[in-house]
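Quick notes on the structure that follows.
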Amino acid sequence: MNYIDAKQLKTWIHDTQEIAVLDVREHGQYGESHLFFAVSLPYSILELRARRLVPRLRTRIVAYGNQADSQTVLAAAQALQRLGYENIHILDGGIEAWQAASFPVFAGVNLPSKTFGELAEHVYETPSVSAQQLHAMLNDPSSKLIVLDGRPVPEYRKMNIPGAICCPNGELALRASQLAADPDTTIVINCAGRTRSIVGAQTLINLGLPNKIYALENGTQGWYLADYQLEHQSDRLYPDQIDPSTLPALREKAAALIQRFNLATCSFEQLASWLQHTDSSTFVCDIRTGEEHAASKLPSLVQHTPGGQLIQATDEYIGVRKARIVLLDYDQIRAPVVASWLKQLGWQVHLLPATDQVAALPDIAEPVFGLRHTRDLSTADAVAFIKANPAASIIDTRPSMTFRTQHLKHATWAIRPTLAQHVPENRRTPILLLGTEPAKLKVLASDLENTGYLDIQIAIADQAFFETCGLPTASDSNNPPDAQCIDFLFFVHDRHSGNKDAARKYLEWETNLVSQIDELERNTFSFG
């Protein structure tokens with residue numbers, strides 16, 4: 001295996017070649033401290049997500065983790081080799097060596113996008129209103145006002161500003177002018193914190209809507225910190241149908257964005273040629289709603305990346321820095337707007353006019369595990385197995401916080417990096433793996449088979465399992481203890497659960513991001 005030092009990695013990150021910097025630790029570890037441009041690819045799900053995040057097998061890859069878990073990093077690199085990746089390196093000394101070389105690390109997630117949002121607010125001088133100002137506006141009978149929540153529907157339903165309508169950022173360009181048809185109506189965009197409020201408001205300003213447009217400073221957290229009540233489980237969603245009379249003017253405005261940001265287009269033939277190249281990576285993205293994407297039945301090579309989330313969390317969809325992103329353009333409105341932001345984020349982005357030819361693109365190959373000593377059990381079969389095998393080892397691989405809430409009384413919690421610590425020494429001892437995702441269970445079963453275990457069972461342990469199994473269960477808020485919950489991000493995790501101090505710390509973290517990056521990281525972004 002090839003090892004590189006921290007200074008070499010820093011050089012690679014900022015040179016002109018593609019690179020995938022993969023943090024192979026679990027989500028909680030990653031969120032507590034990681035490199036600015038690192039992409040989270042936990043060892044637990046590596047085979048399941050690698051080809052989506054890093055589609056080209058010759059991509060320059062650097063994997064890293066903690067020095068104390070160097071064996072996990074090595075195992076992850078070997079798993080990448082088995083998948084066919086050819087250019088893999090490991091950061092020698094792990095994240096500790098990175099810090100020892102005086103390079104900063106960052107807490108939180110989606111760092112490039114969130115830092116960009118803070119910079120965008122400063123560069124564009126995006127107008128905002130405070131929670132107190134918005135509260136006064138909402139209670140002014142003479143005020144013409146609409147509040148649009150730029151988050152995805154599931155996030156909106158958790159909590160929202162009273163009266164707000166859910167219109168995810170990627171849909172704003174297409175739908176906001178219909179929701180606020182009167183140009184005298186003031187539009188306020190909010191999210192849970194800051195980034196999507198800023199980007200959403202500036203999207204409509206850049207598009208040229210005539211309305212007064214503001215971002216809600218600090219989003220729902222700012223509202224909560226001002227001691228105002230939030231709504232929960234709301235169902236005010238953007239309208240499904242688009243008023244066709246609004247489209248010509250919106251297309252003209254989007255075309256102006258294409259000119260302003262010098263956005264490139266490509267043909268299907270050009271895309272097909274790029275996808276055949278072995279020297280560059282191309283990601284093909286459908287930024288429409290989930291319903292539209294599902295109805296199109298596109299090949300899996302085309303990933304669904306809702307436009308607002310692709311801007312907000314680019315690293316969750318695109319795992320290769322300096323790669324090419326191709327956005328399918330179905331209405332000549334949404335894709336150009338998203339592309340304008342991606343280009344400012346530093347990506348090479350192209351618009352592809354929607355064509356039926358996209359259906360001819362291939363699917364991404366799913367991993368094949370070839371299990372020989374593993375049985376897939378139904379709930380009834382799993383219960384019968386447990387009763388018939390009292391000496392069996394029951395290992396629950398669900399998220400640690402879910403395990404704490406309820407688990408079988410004699411089960412042990414483990415995930416892939418810790419599995420070896422909890423399996424029996426006798427490789428003929430029956431093992432039952434419980435989890436919520438069949439593919440993740442197969443990954444673990446494959447690991448066990450590869451180390452000689454001969455009697456493995458896997459079963460789905462969802463809520464229905466616990467309701468019907470009839471087996472004794474337990475709950476324990478300290479099992480597993482916090483230190484072992486490497487899959488859970490404790491970093492201000494309860495900022496939406498009544499903890500004002502956590503909310504304040506989160507907002508302080510977000511606003512301080514710009515001061516933590518260096519000039520090379522700052523120069524990744526450009527503003528038009």
- Query: Does any non-hydrogen side-chain atom of R236 lie less than 4.5 Å from one of N160?
  - Reply: yes

- Item | Contact summary for D363 and S300, nearest pair of heavy atoms | OD1-N, 2.6 Å

- Would you sort out whether R175 and L148 count as a side chain to side chain contact (heavy atoms under 4.5 Å, CB included), showing the intermediate values? CA-CA 10 Å; R175 304 174 193 272; L148 300 180; over 6 Å; no

- Task: Answer yes or no: is there a donor N or O on one side and an acceptor on the other, between the side chain of Q99 and the main chain of V105, under 3.5 Å?
- Result: no

- CG of L46 to CZ of R416: how many Å apart, nearest 0.5 Å? 6.5 Å

- Message: Does either side chain, that of S296 or that of R288, offer a donor lying less than 3.5 Å from an acceptor on the other one?
- Response: yes

- Query: Taking all non-hydrogen atoms of both residues, which atom of I456 and which atom of Y453 are closest, and how far apart?
  - Reply: CD1-O, 3.9 Å

- Query: Within a strict 4.5 Å, meaning less than it, do heavy atoms of the V62 and I90 side chains meet?
  - Reply: no

- All heavy atoms of R151 vs all of P168, minimum pair found to be O-CG, 3.5 Å

- Item | W413 side chain near D487 side chain, heavy-atom distance below 4.5 Å | yes

- At what distance, to the nearest 0.5 angstrom, does CD1 of I431 lie from CD1 of I458? 12.5 Å

- Query: Of the non-hydrogen atoms in Y238 and C167, which two are nearest, and what is the gap between them?
  - Reply: CD2-CA, 4.0 Å

- Task: Please confirm whether the backbone N or O of T289 pairs with a side-chain atom of E292, one donor and one acceptor, at under 3.5 Å?
- Result: yes

- Is there a side chain to side chain donor-acceptor pair (under 3.5 Å) between Q484 and S400 once you walk through the steps? CA-CA 9 Å; Q484 294 180 21; S400 56; over 6 Å; no

- Counting only N and O atoms by type, is there a donor-acceptor contact under 3.5 Å from the side chain of Q17 to the main-chain atoms of W12? no

- Message: Whether the side chain of N169 engages the backbone of R196 through a donor-acceptor N/O pair (distance < 3.5 Å, no angle test) should be reported.
- Response: yes

- Query: Should the pair E18-R60 be classified as a salt bridge under the 4.0 Å nitrogen-to-oxygen rule?
  - Reply: no

- Query: If we only count heavy atoms from C-beta on, is the T405 to M401 side-chain gap below 4.5 Å?
  - Reply: no

- With rounding to the nearest 0.5 Å, note down the distance linking OH in Y317 to CZ in R52. 11.0 Å

- Beyond-backbone contact of V284 with L352, side-chain heavy atoms, under 4.5 angstrom: no

- Message: Determine whether a donor-acceptor pair (N or O, by modelled atom type, separation under 3.5 Å) exists between the side chain of K10 and the backbone of D5.
- Response: no

- Carefully, step by step, assess R82 and E47 under the rule side chain to side chain contact (heavy atoms under 4.5 Å, CB included). CA-CA 9 Å; R82 290 193 297 272; E47 289 89 343; 4.0 Å; yes

- Task: Tell me, with the steps shown, if R25 and E32 meet salt bridge (charged side-chain N to carboxylate O under 4.0 Å, His left out).
- Result: CA-CA 11 Å; R25 298 172 300 165; E32 289 293 338; over 6 Å; no

- Task: Return yes if some donor-acceptor pair links the side-chain N/O of Q67 with the main-chain N/O of A97 below 3.5 Å, else return no.
- Result: no

- Working to the nearest 0.5 Å, report the span between CG of L91 and CG of D23. 10.0 Å

- Are there more than 12 heavy atoms of other residues, nucleotides or ligands under 6.0 Å from atom CD of Q229? no

- Query: Step by step, would you call V109 with Y30 a side chain to side chain contact (heavy atoms under 4.5 Å, CB included)?
  - Reply: CA-CA 8 Å; V109 296; Y30 170 84; 4.2 Å; yes

- What are the two closest non-hydrogen atoms of L80 and A50, and how far apart are they? CD2-CB, 4.2 Å

- Check step by step if side chain to side chain contact (heavy atoms under 4.5 Å, CB included) holds for S281 and T59. CA-CA 8 Å; S281 301; T59 300; 3.5 Å; yes

- Task: Answer with yes or no whether the side chains of D286 and H293 bring together a donor and an acceptor at under 3.5 Å.
- Result: yes

Atom pairs and distances, donor-acceptor, side-chain atoms in residues 380-398, under 3.5 Å, two or more places apart:
from: D381; atom 1: OD2; to: S378; atom 2: OG; distance (Å): 3.2
from: N389; atom 1: ND2; to: F385; atom 2: O; distance (Å): 2.9
from: D396; atom 1: OD1; to: R398; atom 2: N; distance (Å): 3.0
from: D396; atom 1: OD1; to: R398; atom 2: NE; distance (Å): 2.9
from: D396; atom 1: OD2; to: R398; atom 2: NE; distance (Å): 3.1
from: D396; atom 1: OD2; to: R398; atom 2: NH2; distance (Å): 2.8
from: T397; atom 1: OG1; to: L434; atom 2: O; distance (Å): 2.7
from: R398; atom 1: NH2; to: Q406; atom 2: O; distance (Å): 2.5

- Task: Please tell me if the side chains of C285 and I318 come closer than 4.5 Å, counting only heavy atoms from C-beta onward.
- Result: yes

- Message: Quick check: do F488 and P399 have side-chain heavy atoms less than 4.5 Å from each other?
- Response: no

- How long is the span from the CG atom in D69 to the CG atom in L74, to the nearest 0.5 Å? 12.5 Å

- Item | Over-ring placement of R321 relative to W347, 6.0 Å and 45° cut-offs | yes

- Applying side chain to side chain donor-acceptor pair (under 3.5 Å), run through Q421 and T418 and close with a yes or a no. CA-CA 6 Å; Q421 303 168 26; T418 64; 5.6 Å; no

- Message: Determine whether D482 and R404 satisfy the following criterion, salt bridge (charged side-chain N to carboxylate O under 4.0 Å, His left out), listing intermediate values before the conclusion.
- Response: CA-CA 11 Å; D482 287 358; R404 282 180 172 185; 2.5 Å; yes

- Note on the structure: Residue set satisfying salt bridge (charged side-chain N to carboxylate O under 4.0 Å, His left out) with D315, at least two apart, ordered chain then number -> none

- Item | N/O donor-acceptor pair under 3.5 Å between S113 side chain and I311 backbone | yes

- When every non-hydrogen atom of I61 is compared with those of V54, the smallest separation belongs to CD1-CG1, 4.2 Å

- Message: Would you say that T524 contacts I517 through its side chain, given a criterion of any heavy-atom pair below 4.5 Å between the two side chains?
- Response: no

- Query: Is a side-chain N or O of Y506 found less than 3.5 angstrom from the main chain of D494, in a donor-acceptor match?
  - Reply: no

- Task: Show the numbers, then the answer: is there a salt bridge (charged side-chain N to carboxylate O under 4.0 Å, His left out) between D455 and R428?
- Result: CA-CA 6 Å; D455 191 356; R428 294 188 177 276; over 6 Å; no

- For R427 and L454, indicate whether the former's side chain and the latter's backbone hold a donor-acceptor pair under 3.5 Å. no

- Note on the structure: Paired with W98, the ring-ring contact (aromatic ring centres under 6.0 Å, His included) test is passed by just one of F103, F36, F37, Y64, namely F103

- Message: Just to verify, which of E508, E118, E510 counts as forming a salt bridge (Lys or Arg N to Asp or Glu O under 4.0 Å) with R194?
- Response: E118

- Measuring from T412:OG1 to L419:CG, what's the distance to the nearest 0.5 Å? 10.5 Å

- Query: Is there a donor-acceptor pair closer than 3.5 Å between any side-chain N or O of R56 and the backbone N or O of T278?
  - Reply: yes

- Message: Tell me whether K505 at atom NZ has more than 12 heavy atoms from other residues, nucleotides or ligands lying less than 6.0 Å away.
- Response: no

